[in-house]
Amino acid sequence: MSKTAVVTGSGQGIGKGIATRLAKDGFNLVISDIDKEKMEETVQAIKDSGSEALAVEANVTSRQDINDLVKKAADHFGSVDVFVNNAGIDHVAPLLKVEEEDIEKIFAVNVNGVIFGIQAAAEQMKKQGGGKIINACSIAGHKGFPMLGIYSATKFAVKGLTQASAQELAPDKITVNAYCPGVVGTSMWERIDARMVEEMGLEKPGDAFEKFTAGIALGRPQTPEDVANFVSYLASPDSDYMTGQAVLIDGGIVYN
Ligand SMILES: NC(=O)C1=CN([C@@H]2O[C@H](COP(=O)(O)OP(=O)(O)OC[C@H]3O[C@@H](n4cnc5c(N)ncnc54)[C@H](O)[C@@H]3O)[C@@H](O)[C@H]2O)C=CC1
Ligand SMILES: CC(=O)C(C)=O
């Protein structure tokens, strides 16, 4: 029987790239997002390529939504073998301009969402005798970047949650790891660029993206496929002896 992977925030961008790759790897896919239209587009693309896919609308800030997502995935396909906590949002501002509601909003998605995902997936995986949980971290989870202060704080939190849950869940044969991309050309970076250009007084759209990508050792911005190639490994038995790691996959920006 095929294994099943659930990917949150897989209507577009990195999540869509991961879902498409895992479908190619032979997984049944559960595509989940708050954007119904984009979610259905991803499902159709996967079905057109000959794989099984199910769409489940879920907001990661709601524990109930995430519990329901895992239940629907398990009821439909029989198991949840891989759960990717990919959904995330950005926030760009100097720390002195950050409002209380900005902090609440970004932590609700990037941190609470990952906690709810780990909890719901682990309860299901325990019943099955194991599984793999994979979290979206970032270079900003290894190094604080100016203008990305609260975003960086959420990604440092993801790294901590990955390490703690890996140790708690190892006896249940559940591994927990994270991918830490650099600068990926998705709609998230379009928003980051627009805000940085405004806040930093740069000349034109694209200047912040160019500034960030200029320092990449491998000489080009990252694609969702670059990230998905590594997540494919984390979802495969080849990574069975790896847990608690938040691995940089950034073309050479941050070195640990
Ligand atoms: N783009 C980049 O350069 C990098 C992105 N990341 C992380 O990778 C992940 C994916 O990023 P991108 O694909 O670039 O973002 P994106 O903005 O292109 O796509 C994010 C997806 O998540 C969905 N989403 C947003 N809030 C949600 C919620 N509350 N519940 C469910 N779904 C929700 C959106 O509808 C969208 O489909 C995020 O966690 C991000 O922080 C990490 C490092 C670099
Ligand atoms: C979006 C993101 O994680 C960075 C650092 O570019």
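When a ligand or atom number is given, it counts from 1 through the structure's own listing order. Values reported hereafter were calculated over all heavy atoms of this structure, with side chains retained and with hydrogens, waters and symmetry mates removed.
Proximity of D65 to V60: side-chain heavy atoms (C-beta onward) are nowhere separated by under 4.5 Å.
Only the side chain of A136 comes within contact range of ligand 1, with a heavy atom under 4.0 Å; no backbone atom does. Neither the backbone nor the side chain of S32 comes within 4.0 Å of ligand 1, counting heavy atoms alone. Of all the heavy atoms of K155, none lies under 4.0 Å from any atom of ligand 2, so neither backbone nor side chain is involved. The residue F145 has no part lying near ligand 2, judged by heavy-atom distances below 4.0 Å. Heavy atoms of D90 found under 4.0 angstrom from ligand 2: none, in either backbone or side chain. Contact annotation for F212 and ligand 2: no heavy atom of the residue comes within less than 4.0 Å of the ligand.
For ligand 1, the polar-atom distance check finds no N/O of G15 at less than 3.5 Å from any of the ligand's N/O atoms. Distances between N or O atoms of V109 and those of ligand 1 include no value under 3.5 Å. For a threshold of 3.5 Å applied to N or O pairs, the pair formed by Y179 and ligand 1 contains no separation below that value. At least one N or O atom of N59, backbone or side chain, sits closer than 3.5 Å to an N or O atom of ligand 1. Backbone and side-chain nitrogen or oxygen atoms of K155 are examined, and one is located within less than 3.5 angstrom of a nitrogen or oxygen of ligand 1. For S138, no nitrogen or oxygen atom sits less than 3.5 Å from a nitrogen or oxygen atom of ligand 1, counting backbone and side chain alike. Considering both main-chain and side-chain atoms, R191 comes within under 3.5 Å of ligand 1 through a nitrogen or oxygen pair.
Salt bridge annotation for D68-K72: absent, with no cationic side-chain nitrogen under 4.0 angstrom from a carboxylate oxygen. Ion pairing between a basic and an acidic side chain is recognised when a charged N comes within 4.0 Å of a carboxylate O; D250 and K143 show no such pairing.
In the hydrophobic cluster analysis, where Ile, Leu, Val, Met, Phe, Trp and Tyr join through side-chain heavy atoms closer than 4.5 angstrom, F116 is grouped together with V80.
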| task | Take D240 and K132 through the side-chain contact (heavy atoms from CB on, under 4.5 Å) test and state the conclusion after the steps. | result | CA-CA 9 Å; D240 278 356; K132 289 172 179 284; 2.9 Å; yes
| request: Evaluate the salt bridge (Lys or Arg N to Asp or Glu O under 4.0 Å) criterion for residues D25 and R21: first the C-alpha distance (whole Å), next the side-chain angles of each, then the deciding distance (0.1 Å), finally the verdict. | output: CA-CA 6 Å; D25 291 347; R21 171 59 195 259; 3.0 Å; yes
| field | Worked verdict on K38 versus E41 for salt bridge (Lys or Arg N to Asp or Glu O under 4.0 Å) | value | CA-CA 5 Å; K38 291 213 170 85; E41 280 170 21; over 6 Å; no
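The closest non-hydrogen atom to atom 20 (C) of ligand 1, taken over G13, G88, G141, A108, comes from G88. Checking D33, V7, D35 against atom 35 (O) of ligand 1, the nearest heavy atom belongs to D33. For the residues V183, I14, V84, the heavy atom positioned nearest atom 11 (O) of ligand 1 is part of I14. With I192, V184, N112 as candidates, the residue nearest to atom 2 (C) of ligand 1 on a non-hydrogen basis is V184. Closest to atom 26 (N) of ligand 1 by heavy atom, among I34, L69, T186, is I34. Compare G9, A58, S10 by their heavy atoms: the one nearest to atom 31 (C) of ligand 1 is in A58. The heavy atom nearest to atom 4 (C) of ligand 2, considering only C180, P181, C137, G182, is found in G182.
Not a single heavy atom of K38 sits under 4.0 Å from any atom of ligand 1. Heavy atoms of C180 come nearer than 4.0 angstrom to ligand 1 in no pair at all. Ligand 1 has at least one atom lying under 4.0 Å from a heavy atom of C137.
In this structure, NE2 on H142 lies 4.0 Å from CG on L248, to the nearest 0.5 angstrom. The CZ atom of R63 sits 4.5 Å away from atom CD of Q119, with the distance rounded to the nearest 0.5 Å. Here the OG1 atom belonging to T42 is positioned 9.5 Å from the CG atom belonging to L29, to the nearest 0.5 angstrom.
Annotation for Y255: atom OH counts as buried by contact number, over 12 foreign heavy atoms lying within 6.0 Å. Annotation: K3, atom NZ; neighbour count of heavy atoms from other residues, nucleotides and ligands within 6.0 Å does not exceed 12.
Nearest approach of I216 to P221, heavy atoms of both residues: CD1-CA, 4.0 Å. Listed here is the closest heavy atom pair of A246 and C180: C-SG, 3.6 Å. Nearest heavy atom pair, residue F145 against residue I139, reads CZ-CD1, 3.7 Å. Across V176 and T243, no two heavy atoms sit closer than the pair N-OG1, 3.0 Å. Nearest approach of P224 to I14, heavy atoms of both residues: CB-CA, 4.0 Å. R195 and A93 make their closest contact through NH2-CB, 3.9 Å (heavy atoms, listed as atom of the first residue, atom of the second, distance).
Regarding atom 19 (O) of ligand 1, its nearest protein heavy-atom neighbour is Q12 NE2, 3.3 Å. Of all protein heavy atoms, the one closest to atom 44 (C) of ligand 1 is G182 O, 3.2 Å. The protein heavy atom nearest to atom 6 (O) of ligand 2 is W189 NE1, 2.8 Å. Looking only at heavy atoms of the protein, atom 6 (N) of ligand 1 is closest to Y151 OH, 3.6 Å. Ranking protein heavy atoms by distance to atom 39 (O) of ligand 1, first place goes to N86 O, 2.8 Å. For atom 30 (N) of ligand 1, the closest heavy atom belonging to the protein is V60 N, 3.0 Å.
Test N86, I31, I18 against S10 for side chain to side chain contact (heavy atoms under 4.5 Å, CB included) and you get one pass: I31.
Near I139, meaning under 4.0 Å from one of its heavy atoms, ligand 2 places the atoms 5 (C). Close approach of ligand 2 to Y151 is summarised as follows: ligand atoms under 4.0 Å from at least one heavy atom of the residue are 1 (C), 2 (C), 3 (O). Taking every non-hydrogen atom of W189 and a distance limit under 4.0 Å, the qualifying atoms of ligand 1 come out as 2 (C), 3 (O). Numbered from 1 in the order shown, with element, the atoms of ligand 1 that lie under 4.0 Å from a heavy atom of P181 read 42 (C), 43 (C), 44 (C). Each of the following atoms of ligand 1 lies closer than 4.0 Å to a heavy atom of M188: 5 (C), 14 (O), 15 (O), 17 (O), 18 (O), 40 (C), 41 (O). Of all the atoms in ligand 2, the ones that sit under 4.0 Å from a non-hydrogen atom of S138 are 2 (C), 3 (O), 5 (C). Within ligand 2, counting atoms from 1 as listed, the ones closer than 4.0 Å to a heavy atom of I192 are 1 (C). The contact set between ligand 2 and M188, taken as ligand atoms under 4.0 Å from a residue heavy atom, comprises 1 (C). Counting atoms of ligand 1 from 1 in the listed order, those under 4.0 Å from a heavy atom of S187 are 16 (P), 17 (O), 18 (O).
Counted by atom type alone, E52 and S2 present zero donor-acceptor pairs between their side chains at under 3.5 Å.
W189 and F209 have perpendicular rings, their planes meeting at more than 60° on a 0 to 90° scale where under 30° would count as parallel.
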